[in-house]
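Chain letters run A, B, ... following the sequence lines, proteins first, then strands; residues in each count from 1.
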There are 4 protein chains.
Amino acid sequence: MAADNKLPRREREKLRQRQEILATALDLFSQKGYHNVSVQEIAEKSEFAIGTLYKFFQNKEDLYKALVRELCDKFEDSIMRAIEQPQDEVEKLRSYVRAKTEVFHRNLPFIRLYLAESRGASFNLKAGLDDELRKRYYNSLESIADIFASGIKNQRFKNIADPYYLAVTLSSVIDAFLLLWLDAPERHPYPEDPDAILDIFFKGLLEP
Amino acid sequence: MAADNKLPRREREKLRQRQEILATALDLFSQKGYHNVSVQEIAEKSEFAIGTLYKFFQNKEDLYKALVRELCDKFEDSIMRAIEQPQDEVEKLRSYVRAKTEVFHRNLPFIRLYLAESRGASFNLKAGLDDELRKRYYNSLESIADIFASGIKNQRFKNIADPYYLAVTLSSVIDAFLLLWLDAPERHPYPEDPDAILDIFFKGLLEP
Amino acid sequence: MAADNKLPRREREKLRQRQEILATALDLFSQKGYHNVSVQEIAEKSEFAIGTLYKFFQNKEDLYKALVRELCDKFEDSIMRAIEQPQDEVEKLRSYVRAKTEVFHRNLPFIRLYLAESRGASFNLKAGLDDELRKRYYNSLESIADIFASGIKNQRFKNIADPYYLAVTLSSVIDAFLLLWLDAPERHPYPEDPDAILDIFFKGLLEP
Amino acid sequence: MAADNKLPRREREKLRQRQEILATALDLFSQKGYHNVSVQEIAEKSEFAIGTLYKFFQNKEDLYKALVRELCDKFEDSIMRAIEQPQDEVEKLRSYVRAKTEVFHRNLPFIRLYLAESRGASFNLKAGLDDELRKRYYNSLESIADIFASGIKNQRFKNIADPYYLAVTLSSVIDAFLLLWLDAPERHPYPEDPDAILDIFFKGLLEP
DNA sequence: GATGAATGAGTATTCATTCAT
DNA sequence: GATGAATGAATACTCATTCAT
């Protein structure tokens with residue numbers, strides 16, 4: 001679909017360079033945190049001149065934001081593609097859990113960075129970014145909520161709670177397991193079968 | 001005159017000042033993030049001289065750590081006290097949810113700060129603190145896991161998953177709801193009855 | 001001559017305290033150098049309150065100057081007393097060498113301090129002190145020059161150079177030997193017989 | 001165009017800038033002493049930005065050390081070259097006195113600085129530098145001692161004292177005269193003929 | 001268009017000095 | 001008179017950003 005390679009050679013070259021800078025920045029930021037990486041350092045490691053970085057990004061913050069947006073796009077794509085497959089609701093949720101797990105595993109350095117820098121109010125300067133990301137997050141919750149709603153409507157799921165609440169719950173539980181595993185893999189082995197997480201929802205806890 | 005004269009007046013005064021500084025620091029840190037607040041600024045806003053701050057805390061970092069430790073202690077106390085009441089397992093979980101909700105509501109600025117600064121790799125300087133807090137977190141998870149384990153043993157709960165997993169799940173779901181509510185209270189009204197959260201666990205989702 | 005103990009008790013007490021402060025300051029200054037000792041530190045170690053120090057001395061610099069003046073007075077006294085004995089010129093010079101050696105050995109910490117801090121232009125703030133000390137030094141040179149002059153007049157010494165030059169020479173040579181010994185006693189053992197230094201002057205170097 | 005184009009223009013320019021900074025620093029340090037000069041001040045007076053200074057020198061201390069080393073090298077060279085000429089011992093000593101005098105006259109500001117800062121215990125931070133300089137000084141004394149030893153062996157000099165002692169003596173006497181002249185040129189005119197200093201050694205003082 | 005040398009505002013921390021008790 | 005808590009000016013150093021080449 002994309003016509004990336006229809007771009008004039010110059011433009012394509014530019015894009016490639018931009019990606020290289022972002023990759024280096026991701027590397028450094030996720031190793032040391034935003035505040036402990038200097039623009040100098042990014043320039044050196046990516047083998048561009050400082051001035052060149054500033055051709056691509058207005059400032060350090062802009063570079064960071066671009067990085068986060070780019071990766072969030074990628075993640076969203078993966079996850080959305082997973083739940084857009086034509087399947088029943090249960091399968092969709094399973095796909096969702098699997099996709100999120102995979103994204104997480106494949107992008108550990110970034111996840112670390114993101115958790116470190118962008119949660120909460122740390123960067124009021126980056127409020128713009130935050131707002132945008134929050135919106136996206138809410139949207140993705142809506143997509144999951146839709147699955148629950150549809151499942152409830154189809155009477156595949158019991159109507160135990162608001163579908164949006166259910167989406168929040170599922171999303172947060174996956175995150176929690178992944179984070180624990182990230183912190184201390186030996187202590188918190190990630191469930192070998194990601195579906196195990198779903199079971200907690202699917203099977204009620206209380207004895208009837 | 002005062003009733004709280006267990007300590008000599010001088011000492012009490014000192015403590016009060018320390019608390020004032022910590023309160024101001026919390027305020028500023030949670031508004032702007034650790035790196036974007038200068039010691040100067042804390043001094044000015046708390047109406048002490050810079051030198052005075054340094055009488056109380058060795059470092060900017062030390063001040064931050066003291067702040068976090070102090071509050072975490074407080075939170076832990078509240079929550080532990082809640083679940084140590086002699087009640088059945090279901091009641092204990094309800095108490096837990098309520099206690100956490102209350103702590104969260106009462107300490108929004110700090111929660112913001114904590115989420116912003118203490119997760120991930122951002123603060124390699126603060127690794128020591130992080131480790132300590134992680135350990136505490138894991139310990140608190142164990143306490144909740146114990147409740148689930150006991151409930152399962154008593155056949156009050158179905159044995160649908162490892163108790164520790166259940167603890168992780170519950171804890172993370174509460175956090176998630178609270179965070180959403182923190183971000184956008186209108187969009188995400190926190191369930192009026194905190195027990196609603198528990199219901200998601202208690203009632204199975206799947207139709208039999 | 002002095003009527004120290006005629007002073008009212010109050011005054012005597014004051015003087016004793018002053019001496020105590022100066023002694024502590026000497027100790028600290030000579031261990032760490034003027035700039036690396038805080039007034040706080042002097043106060044603590046001498047067991048006075050900071051405010052009390054400031055009753056005795058206008059400021060840190062004033063304290064330092066008083067210290068140096070006091071000790072220089074003492075040294076000058078010792079040395080002057082030595083050369084004022086009724087002796088012939090050769091004996092006077094010997095007494096001078098011995099007295100200087102003794103003063104040096106007995107006051108190593110101060111000598112170190114003095115060399116570190118007061119030579120040259122380090123403290124333009126302390127210019128006042130420096131000027132005063134220089135004058136004293138020149139005066140002491142004159143006293144030595146007088147001995148040489150008298151010795152030349154008495155034909156006890158050859159008239160090989162201006163007496164003042166001879167004084168400069170003798171004084172500097174003693175200092176040089178003492179300094180070397182101070183730096184590295186093993187490498188530069190101080191001549192066991194201080195008179196050896198004089199011999200270099202007394203015996204001409206060149207073969208006739 | 002320039003004749004000194006062994007280095008690429010860029011490098012030459014750099015070196016010139018470095019020298020300019022060092023010259024300004026020397027100026028300021030010798031007027032006010034190391035501790036009383038701020039990096040800010042050096043930057044302003046040398047008309048570079050603070051950051052530029054830090055491109056050339058890691059620290060304020062590093063700047064100071066570079067300054068001292070640079071100049072000591074220069075001095076040592078001059079003096080060593082003077083005594084390495086093929087001459088008899090007497091001439092060598094004369095050359096030594098003359099070379100030292102010249103170096104001193106040409107580098108008054110530095111001499112002032114050096115005397116102020118590098119002696120004694122003031123700079124425990126600068127211990128490394130101090131040690132290095134002391135070693136150099138001792139080495140230079142050995143070179144002079146060799147001249148005396150050779151002169152004694154050749155029976156050009158009487159064997160009145162250990163050659164190393166003689167070296168110490170000569171060196172310190174020159175320094176003393178130079179220092180007096182530095183302090184108060186009118187009161188202490190430096191001997192018009194530097195050889196006058198040597199005469200004090202060559203001619204015995206005592207009448208036979 | 002690319003470069004990277006130069007810039008200088010910004011920040012944590014120390015310590016001489018004051019003054020209310 | 002003595003005290004020492006409180007003060008805040010001063011300073012070394014970093015690093016995002018610019019702009020002359």
Side-chain angles (χ1 to χ4, degrees), chain A residues 10 13-14 17 34-44 47-64 125, chain B residues 9-10 13-14 17 21 34-44 46-64, chain C residues 10 13-14 17 34-44 47-64 125, chain D residues 9-10 13-14 17 21 34-44 46-64:
Chain A
R10 206 50 177 281
E13 178 62 9
K14 283 239 160 202
Q17 291 182 342
Y34 180 84
H35 275 105
N36 303 313
V37 173
S38 68
V39 176
Q40 183 81 242
E41 211 174 343
I42 301 174
E44 268 166 29
E47 301 187 287
F48 288 95
I50 297 179
T52 309
L53 292 212
Y54 277 86
K55 288 273 185 291
F56 286 101
F57 309 97
Q58 280 199 338
N59 47 36
K60 193 185 172 188
E61 197 184 320
D62 187 46
L63 165 56
Y64 174 77
L125 301 170
Chain B
R9 183 174 16 171
R10 208 39 172 291
E13 178 62 8
K14 279 236 159 202
Q17 290 182 341
I21 294 167
Y34 180 84
H35 276 104
N36 302 311
V37 173
S38 69
V39 175
Q40 185 84 238
E41 212 174 340
I42 301 175
E44 267 163 31
S46 63
E47 301 188 283
F48 289 95
I50 299 180
T52 308
L53 293 212
Y54 279 88
K55 288 267 188 296
F56 287 100
F57 308 97
Q58 282 198 337
N59 282 340
K60 190 185 171 188
E61 198 184 321
D62 188 46
L63 166 56
Y64 174 78
Chain C
R10 207 45 177 285
E13 178 61 9
K14 283 241 158 199
Q17 291 183 342
Y34 179 85
H35 276 104
N36 302 313
V37 172
S38 67
V39 175
Q40 182 82 242
E41 212 175 342
I42 300 174
E44 267 165 30
E47 301 186 287
F48 288 94
I50 297 180
T52 309
L53 292 213
Y54 277 86
K55 288 273 186 292
F56 286 101
F57 308 97
Q58 280 199 337
N59 47 35
K60 192 185 172 188
E61 198 184 318
D62 187 46
L63 166 56
Y64 174 77
L125 302 169
Chain D
R9 181 167 24 162
R10 208 40 172 291
E13 178 62 8
K14 279 237 159 203
Q17 291 182 342
I21 294 168
Y34 179 85
H35 276 105
N36 302 311
V37 173
S38 69
V39 175
Q40 185 83 239
E41 210 175 343
I42 301 174
E44 267 163 31
S46 64
E47 300 188 284
F48 289 93
I50 299 179
T52 309
L53 293 212
Y54 279 88
K55 287 267 188 296
F56 287 100
F57 308 97
Q58 284 199 336
N59 282 341
K60 191 185 170 188
E61 196 184 322
D62 188 45
L63 167 55
Y64 173 77

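- Put simply, NZ on B/Lys60 and OH on B/Tyr34 are 5.0 Å apart, with the number rounded to the nearest 0.5 Å.
- Ranked by how close their nearest DNA chain E nucleotide is to the 5' end, B/Ile50 and C/Lys60 are led by B/Ile50.
- No donor-acceptor pair closer than 3.5 Å links the side chain of D/Tyr64 to the backbone N or O of D/Asn59.
- Rounding to whole angstrom units, CG of residue C/Asn36 and P of E/dT13 are separated by 19 Å.
- Nucleotide E/dA16 holds its P atom 14 Å from the CG atom of C/Asp62, rounded to whole Å.
- Within 4.0 Å (heavy atoms only), D/Gln17 reaches sugar-phosphate atoms of the nucleic acid but no base atom.
- Stem regions for DNA chain F, each three or more consecutive Watson-Crick or G-U pairs with both distances under 3.5 Å and listed by first number, read E:2-21 with F:2-21.
- Between C/Gln40 atom CD and E/dA16 atom P the separation is 9 Å, expressed in whole Å.
- Within a 6.0 Å sphere centred on CD of B/Glu41, other residues, nucleotides and ligands contribute more than 12 heavy atoms.
- Atoms CG and CD, from D/Leu53 and D/Gln40 in turn, are 9.5 Å apart once rounded to the nearest 0.5 Å.
- Both B/Phe56 and C/Lys55 lie near DNA chain F, and the one whose nearest nucleotide falls closer to the 5' end is C/Lys55.
- Protein chain B contacts DNA chain F over a range whose 5' and 3' limits, counting nucleotides with an atom under 4.0 angstrom from a non-hydrogen atom, are F/dA5 to F/dG8.
- Two residues are said to be in side-chain contact when any heavy atoms from C-beta on lie closer than 4.5 Å; B/Leu63 and B/Val39 fail this criterion.
- Where C/Gly51 and D/Asn59 each meet DNA chain F at their nearest nucleotide, the meeting point lying more 5' is that of C/Gly51.
- Here the OH atom belonging to A/Tyr54 is positioned 10.0 Å from the CG atom belonging to A/Asp62, to the nearest 0.5 angstrom.
- Atom CD in B/Glu41 sits about 12 Å away from atom P in E/dG10, given to the nearest Å.
- For the atom pair B/Ile21 CD1 and B/Lys55 NZ, the distance stands at 11.5 Å (nearest 0.5 Å).
- Among the protein residues, D/Thr52 comes within range of the nucleic acid bases, having at least one heavy atom under 4.0 Å from a base atom.
- Note on ring orientation: taking the six-membered ring where Trp is involved, the planes of C/Phe48 and C/Phe56 are perpendicular (angle over 60°, cut-offs 30° and 60°).
- Remark: C/Glu13 engages C/Arg16 in a salt bridge (Lys or Arg N to Asp or Glu O under 4.0 Å) (not counting sequence neighbours).
- Two residues, C/Tyr54 and D/Glu47, neighbour DNA chain E, and the one matched to the more 5' nucleotide by heavy-atom proximity is D/Glu47.
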